[in-house]
There are 2 protein chains.
Amino acid sequence: MTIKYDKKEPLYEQLMDTIKVKIKNDYKADDKLPSEREIMRKYSVSRNTVRQALNELEILGLIYRQHGKGTFVANATDNPATLGNEHSFTKQMIALGRKPETKIMEYSVRPANKYFANKLNINEGDRIIKLKRLRSADKVPVMIDRTYLPFSKFEGLSAVELEVKHRSLYAVFAEDFGEEFRIADEALSAGRISDKDADVLQVAQGSPGLMLKRTTFNQQNEIIEFTLSSTRSDQYVYNIRYKNTKI
Amino acid sequence: MTIKYDKKEPLYEQLMDTIKVKIKNDYKADDKLPSEREIMRKYSVSRNTVRQALNELEILGLIYRQHGKGTFVANATDNPATLGNEHSFTKQMIALGRKPETKIMEYSVRPANKYFANKLNINEGDRIIKLKRLRSADKVPVMIDRTYLPFSKFEGLSAVELEVKHRSLYAVFAEDFGEEFRIADEALSAGRISDKDADVLQVAQGSPGLMLKRTTFNQQNEIIEFTLSSTRSDQYVYNIRYKNTKI
DNA sequence: AAGTGGTCTAGACCACAGT
DNA sequence: CTGTGGTCTAGACCACTTT
C-alpha cells in the first residue's frame, strides 16, 4: 500500500485507511504500532500528517496512545466507534474498517393497520411503504431493519436508489423528497431475536439481540419514518458520546 | 485574556479556555468567530496551534466550521441529552412516575487487575474503588451497576453520601472532588444476564438484558469512571433524541 | 541516554465561498 | 479576486518511559 499525492483523497486519510487494514489483518489488541517517526519515514510524509491520521483513529477508538511508550491497537470489541453521533449503519461500519452491505428483502405498499397508523400518526387504511432490509458487514449478517413510511410523502421511492446506488435512506429523503429530519427518537432495549429473524441473522433461536425503535420527525414535526431494528448482539454495539456543554 | 508560554498549560488549551469564555459571554449560536489567521495574530501563536484549539472545541460540539465561510458558534442545546439530566437513572424513573431506589451492595478498595487498570488507564496494582449498586423502581429491581473509580482521585468517597443523602455520583464527583466530566462514552449491547445477577434482578436464568459500559473523562481528559451495567430488559428502555443541527 | 508521544513554529499550496 | 478553512512540510523542543 502506498500513499500518493495525485489522488483526490488527502494523505492522512489514505494513511488512516492503510493503518485500518493493518489493524484488521495483521495486528491484535494491545499490539504496538510503529512509532510516529517510523511511519513518517516509511510513507514519506511529515510527522504532522502521521499525527493527523493517528488522531482520527484515536477518536474512532481503534488505537490508544501512551506518552513515552507508544501507540497501541485498541480492543475492537470493547470500544468500537465513537463517531460523534453518527447513527448511519453504513458509515459506522466503514469507520470500523468493515465492509457494509445492505440487501432489500421486501419492498411493498399496503394499508396501515392500527399499530402502524398510530406510529406514523396517519389514518388506519392509509397506504404505507414497508421496507425490510438486511444489513451485513464483511458478509456477516448484523441487523434486520423494518422501515415503515407514509406513502403520501414518499410516493415513487425507488428501491433501486437504495440498493444499487448505495444511497442512504436519509440522503434520499432529503435530496429526492425534500424531507429533512429534525428530530429522531430512538428507544433501545434488549430482547430475544425472533425465530424467523434468527435464521436470517444466522444465530441460534432464542439468542439475545439489541432491539431499536426509531421515530423520525421532519421540519414540520410530522412523522416521516418508523423503524424497528433487530440486531445480533455479538456483532453490533451502539455507541453514544455525551458531551458536557457546561463551560 | 492573554496566552503565556511560562504556564504549565499548553498554549492551545489556554486558547481553548479563552475562546470558551467568549462563547459563553459574548457570542450566541451561529455567530461567526474571528478567522484562524486573525486569532493567530491576536494571540501571537501559530496557525497550527489555533487549529488545535478549534479542533478540540469542534469535537466538544461548541463550534462548527464551514469551508470557505468561517467558524461559527454551535447551538449548545444540540444532540443527545447531557448526562445528569435525562440520563440519570433516578431522574428518568421519576419522570416516568416511578419511585426510584438505590441500594449499595458492595463498597471496596482493591488493587486493579489488568482489565480494570487498562479501562481506567492506571497501572496494574494501583488501588481502585469498586461500587456495586442495585437500582430499583417501585420496589422492582431494574439494574445492577458496577462502578470502578481510581482511588487516587476519589480517596475518601463516602458510601453514606450516596445511599443516605441520595446524591448522584456525578454530583459527588463535581461538588466533593472537583471532577467535572467532559465526555462520557457509552456502549450499549444486548446479552444474557449472568446467573448471579439474574437472582438479584429476579428474572429467569439466561434472560436477555441491556448491557451498558460507560467511560467518563474529566476536563483534563483523564478517565474518572468506568461502569458496567446489567439491566432487566422488561423494565428498562434506553431513550435517545437526536436533533438535526444543520440546515 | 535513547526513544516515545505532545506541543509549537513559520512557512506553503489547495479547495471552497462570496465578491 | 479575496478570504476562508483544509492539508502538508521540515524542522524544533518538551515531557514521559524505559534502558
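Chain letters run A, B, ... following the sequence lines, proteins first, then strands; residues in each count from 1.
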Could you give the [atom1]-to-[atom2] distance, from [X] to [N], as a whole number of Å?
{"X": "B:Asn55", "N": "C:dG6", "atom1": "CG", "atom2": "C1'", "answer": "15 Å"}
{"X": "A:Arg41", "N": "D:dA10", "atom1": "CZ", "atom2": "C1'", "answer": "14 Å"}
{"X": "A:Glu13", "N": "D:dC8", "atom1": "CD", "atom2": "C1'", "answer": "14 Å"}
{"X": "B:Glu36", "N": "D:dT7", "atom1": "CD", "atom2": "P", "answer": "11 Å"}
{"X": "A:Leu11", "N": "C:dA15", "atom1": "CG", "atom2": "C1'", "answer": "15 Å"}
{"X": "B:Glu9", "N": "C:dT7", "atom1": "CD", "atom2": "C1'", "answer": "13 Å"}
{"X": "B:Arg51", "N": "D:dC8", "atom1": "CZ", "atom2": "C1'", "answer": "11 Å"}
{"X": "A:Tyr64", "N": "C:dG6", "atom1": "OH", "atom2": "C1'", "answer": "18 Å"}

Are side-chain heavy atoms of B:Ile128 and B:Phe151 found at a separation under 4.5 Å?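 They are not in contact (no side-chain heavy atoms under 4.5 Å apart), so the answer is no.
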
Side-chain N or O of [X] less than 4.0 angstrom from OP1 or OP2 on [N]?
{"X": "A:Gln52", "N": "D:dT7", "answer": "yes"}
{"X": "B:Thr71", "N": "D:dT4", "answer": "no"}
{"X": "B:Arg65", "N": "D:dG6", "answer": "yes"}
{"X": "B:Ser46", "N": "C:dC8", "answer": "no"}
{"X": "A:Thr49", "N": "D:dT7", "answer": "no"}

Given 3.5 Å as the limit, does a donor-acceptor pair link the side chain of B:Asn118 with the main chain of B:Tyr115, or not?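 Pair absent, no side-chain N/O of B:Asn118 close to backbone of B:Tyr115.
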
Using a 3.5 Å distance criterion without hydrogens, assess whether the side chain of B:Glu106 forms a donor-acceptor pair with backbone atoms of B:Lys130.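 Judged by distance alone, no pair lies under 3.5 Å.
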
Return the set of residues passing ring pair (Phe, Tyr, Trp, His ring centres under 6.0 Å) with A:Tyr27 (not counting sequence neighbours), or none when no residue passes.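 For A:Tyr27 there are no ring pair (Phe, Tyr, Trp, His ring centres under 6.0 Å) partners, ignoring immediate neighbours.
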
Set of residues satisfying ring pair (Phe, Tyr, Trp, His ring centres under 6.0 Å) with respect to A:Phe173, sequence neighbours excluded: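 Once residues adjacent in sequence are excluded, the partners of A:Phe173 under the ring pair (Phe, Tyr, Trp, His ring centres under 6.0 Å) criterion are A:Phe154, A:Tyr170.
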
Set of residues satisfying salt bridge (charged side-chain N to carboxylate O under 4.0 Å, His left out) with respect to A:Glu101, sequence neighbours excluded: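 A:Lys139.
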
Does B:Arg65 have any salt bridge (charged side-chain N to carboxylate O under 4.0 Å, His left out) partners at least two apart in sequence or in another chain, and if so, which?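 Partners of B:Arg65 by the salt bridge (charged side-chain N to carboxylate O under 4.0 Å, His left out) criterion, ordered by chain and then number, come out as B:Glu36, B:Glu58.
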
Taking all non-hydrogen atoms of both residues into account, name the closest pair between B:Ser229 and B:Asp145 and its distance.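 Smallest heavy-atom distance, with atoms named: OG-OD1, 2.6 Å.
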
Please determine if B:Lys114 and A:Asp30 form a salt bridge, counting it only when a charged side-chain N lies under 4.0 Å from a carboxylate O.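 No.
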
Looking for any heavy atom pair under 4.0 Å, which part of the strands does B:Glu38 touch: base, sugar-phosphate only, or nothing?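 Answer is sugar-phosphate: B:Glu38 comes under 4.0 Å of backbone atoms only.
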
Would you give a per-nucleotide map of nucleotides 11-19 of chain D, 5' to 3', where B means the base has a protein non-hydrogen atom under 4.0 Å away, S means only the sugar-phosphate does, and - means neither? -B--BBSS-

Side chain of B:Ser35 only, please: which of D:dT4, C:dT9, C:dC8 is the nearest?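 For B:Ser35, the side-chain atoms sit closest to D:dT4.
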
Compute the angle between the rotation axes at the two ends of the helix from C:dA1-D:dT18 to C:dG18-D:dC1, each taken over five pairs, rounded to 10 degrees.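 Helix axis angle between the two ends: 10°.
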
Side-chain H-bond candidate by donor/acceptor type, B:Tyr238 with B:Glu186, under 3.5 Å: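 Yes.
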
